[in-house]
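By convention in this document, chain letters (A, B, ...) are assigned in the order of the sequence lines, proteins followed by strands, and residues within each chain are numbered from 1. These values consider heavy atoms only, across backbone and side chains, with no hydrogens, waters or symmetry-generated copies.
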2 protein chains.
Amino acid sequence: MFTYIEKIKNAGVKFTRPRKLVLDVLKAAKQPVSIKEIHKRIRKNADLASVYRTIHLFEELGIVREVPLGEGYQRYELIEEGRHHHYILCVECGKLEDIDVCLADQVAKMTHFRILSHSMEFQGVCRGCDG
Amino acid sequence: MFTYIEKIKNAGVKFTRPRKLVLDVLKAAKQPVSIKEIHKRIRKNADLASVYRTIHLFEELGIVREVPLGEGYQRYELIEEGRHHHYILCVECGKLEDIDVCLADQVAKMTHFRILSHSMEFQGVCRGCDG
DNA sequence: AATCAATTGCAAATGATTTGCATTATGTCC
DNA sequence: GGACATAATGCAAATCATTTGCAATTGATT
């Protein structure tokens, strides 16, 4: 469809240095990342406030989704075409595993809501840590 | 099984005034409530810090569960025997509707995790607000 | 290269939640 | 029922994530 950069430019906003840096970190990340992690990886090249502002912009543009894992802060990941999934977090070792099922369509039918967003995350102990 | 009060006393902790007040508010609530709401309802009879401490105790005792609805703060509700459900929040009017489906068992089988907790909440626009 | 609004960096503000500590109140024992 | 020991409270200050105001900067356009 459109690349992330195209989506940014089509939205009529500038493709600035901080925005490029945040996008690069998101692309390189293999897991949803926190604001703090993003900021750490781009050090002095972008302010923490700009990371927050950029992530919120990306959310509005449909580039990024929030992944709440009950850690006291949010994580974010790029939205990939045709790849909708959720996570389970091992509270012992921090491992994140993908879950490829989702109830969103079913819930939309049941409730007659127009669903804007949803979270569906699990916390537990993985087989390796559970002894 | 056990009443909430029995669970508290069996845990070897005191059943204090703030704890009774918080429990009463939770029992009276028809929806998951925020810490701020709980505190507002018991006014000068318990400190905000005690409400936080009490809710965390109740979580540990399995009396209360956290309901994250993406509002920037948490809500909490009493855990009722045999009544496990989730919510969809209308972002227009604030209406909360119950959802009586859950993927926890299926996810446990798929991932071989021992699931400790999970959240599965939806945000959208209800039929009434969607025009 | 000049222009100008959008965006940034910085520092201060906000809001939820947590914590230290002196004081108070609960459950227990007599 | 009263005294005791300790858990729990209230209060105020600290912490942590996130937001915001504003002057200075920069990207896109000409």
Side-chain angles (χ1 to χ4, degrees), chain A residues 4-25 32-61 63-76 117 119 121, chain B residues 3-26 32-61 63-76 117 119 121:
Chain A
Y4 298 118
I5 294 178
E6 282 167 354
K7 282 189 180 174
I8 294 169
K9 294 186 172 168
N10 291 348
V13 299
K14 295 177 181 174
F15 186 57
T16 61
R17 211 159 104 83
R19 287 172 185 169
K20 179 189 184 328
L21 290 167
V22 170
L23 183 58
D24 288 345
V25 171
V33 284
S34 67
I35 298 283
K36 197 192 259 182
E37 280 167 31
I38 296 171
H39 185 230
K40 189 188 295 174
R41 293 185 200 177
I42 58 189
R43 282 268 175 191
K44 295 298 176 192
N45 299 310
D47 190 73
L48 182 61
S50 295
V51 177
Y52 275 103
R53 287 188 277 229
T54 297
I55 286 290
H56 294 150
L57 172 68
F58 286 3
E59 281 190 273
E60 282 167 26
L61 299 185
I63 288 176
V64 147
R65 90 169 182 106
E66 194 176 87
V67 181
L69 287 168
E71 300 166 297
Y73 52 82
Q74 300 295 149
R75 298 203 196 197
Y76 301 88
S117 62
S119 68
E121 323 302 338
Chain B
T3 66
Y4 298 118
I5 295 177
E6 282 167 353
K7 281 189 180 173
I8 294 169
K9 294 186 172 169
N10 290 348
V13 300
K14 295 177 180 173
F15 186 58
T16 62
R17 212 158 103 80
R19 287 171 185 170
K20 179 188 184 329
L21 291 166
V22 171
L23 183 58
D24 288 345
V25 171
L26 289 168
V33 284
S34 67
I35 298 283
K36 197 192 258 184
E37 282 167 30
I38 296 172
H39 185 230
K40 188 188 296 174
R41 292 186 200 176
I42 59 190
R43 282 269 175 191
K44 295 298 177 192
N45 299 308
D47 190 75
L48 182 61
S50 294
V51 177
Y52 274 103
R53 286 188 277 230
T54 296
I55 286 291
H56 294 150
L57 173 68
F58 286 3
E59 281 190 274
E60 282 167 26
L61 300 184
I63 288 175
V64 148
R65 91 168 182 105
E66 194 176 86
V67 181
L69 288 168
E71 299 167 297
Y73 52 83
Q74 300 295 149
R75 296 204 196 196
Y76 301 88
S117 62
S119 67
E121 323 301 339

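Interatomic distance, CG of A:Leu21 versus CD1 of A:Ile38, reported as 11.0 Å (0.5 Å rounding). The CD1 atom of A:Ile35 lies 5.5 Å from the OH atom of A:Tyr52; values are rounded to the nearest 0.5 Å. Here the CG atom belonging to B:Leu23 is positioned 5.5 Å from the CZ atom belonging to B:Phe15, to the nearest 0.5 angstrom. With rounding to the nearest 0.5 Å, the separation of CG in A:Leu57 from OG1 in A:Thr16 is 9.0 Å. For the atom pair B:Gln74 CD and B:Ser119 OG, the distance stands at 9.0 Å (nearest 0.5 Å). Separating the CD1 atom in A:Ile5 from the CG atom in A:Asn10 is a distance of 11.5 Å, to the nearest 0.5 Å.
Between B:Glu121 and B:Pro68, the shortest heavy-atom distance links the atoms CG-O, 2.9 Å. Taking all atoms of both residues into account, the shortest heavy-atom contact from B:Val13 to B:Ile8 is CG2-O, 3.4 Å. Taking both residues in full, the closest heavy atoms of B:Glu59 and B:Glu66 are given as OE2-CB, 3.8 Å, listed atom of the first, atom of the second, then distance. Taking all atoms of both residues into account, the shortest heavy-atom contact from B:Pro32 to B:Glu37 is O-OE1, 4.5 Å. The minimum heavy-atom distance between A:Arg19 and A:Phe58, with the atom names listed, is O-CZ, 3.7 Å.
Applying the side-chain hydrogen bond (donor to acceptor under 3.5 Å, both in side chains) test to B:Arg41 and every residue at least two apart in sequence or in another chain returns nothing.
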Produce the list of close N/O pairs, under 3.5 Å, pairing protein atoms with atoms of nucleotides 1-4 of chain D; give distances to one decimal.
none

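With the end axes of the helix from C:dA1-D:dT30 to C:dC30-D:dG1 each set by five pairs, the angle from one to the other reads 40° at 10° resolution.
At most 12 heavy atoms of other shown residues, nucleotides or ligands fall within 6.0 angstrom of atom NZ in A:Lys9. Residue A:Lys20 places its NZ atom among 12 or fewer non-hydrogen atoms of other residues, nucleotides or ligands, all under 6.0 Å distant.
In this structure, CZ of A:Arg75 is placed 13 Å from P of D:dA17, rounded to the nearest angstrom.
Base engagement by B:Tyr52 is indicated by at least one non-hydrogen atom pair under 4.0 Å involving a base atom.
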- line: Quick tally for nucleotides 22-30 of chain D: nucleotides whose base has a protein heavy atom under 4.0 Å get B, sugar-phosphate-only ones S, the rest -, giving ----BBS--
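Note that the first and last nucleotides of DNA chain C, 5' to 3', having any atom under 4.0 angstrom from a heavy atom of chain A are C:dA5 to C:dC10.
Near-neighbour residues of DNA chain C inside residues 37-51 of chain B, defined by a heavy atom below 4.0 Å, number-ordered: B:Leu48, B:Ala49.
Checked by atom type and distance alone, the side chain of B:His39 pairs as donor or acceptor with a backbone atom of B:Ala46 at under 3.5 Å.
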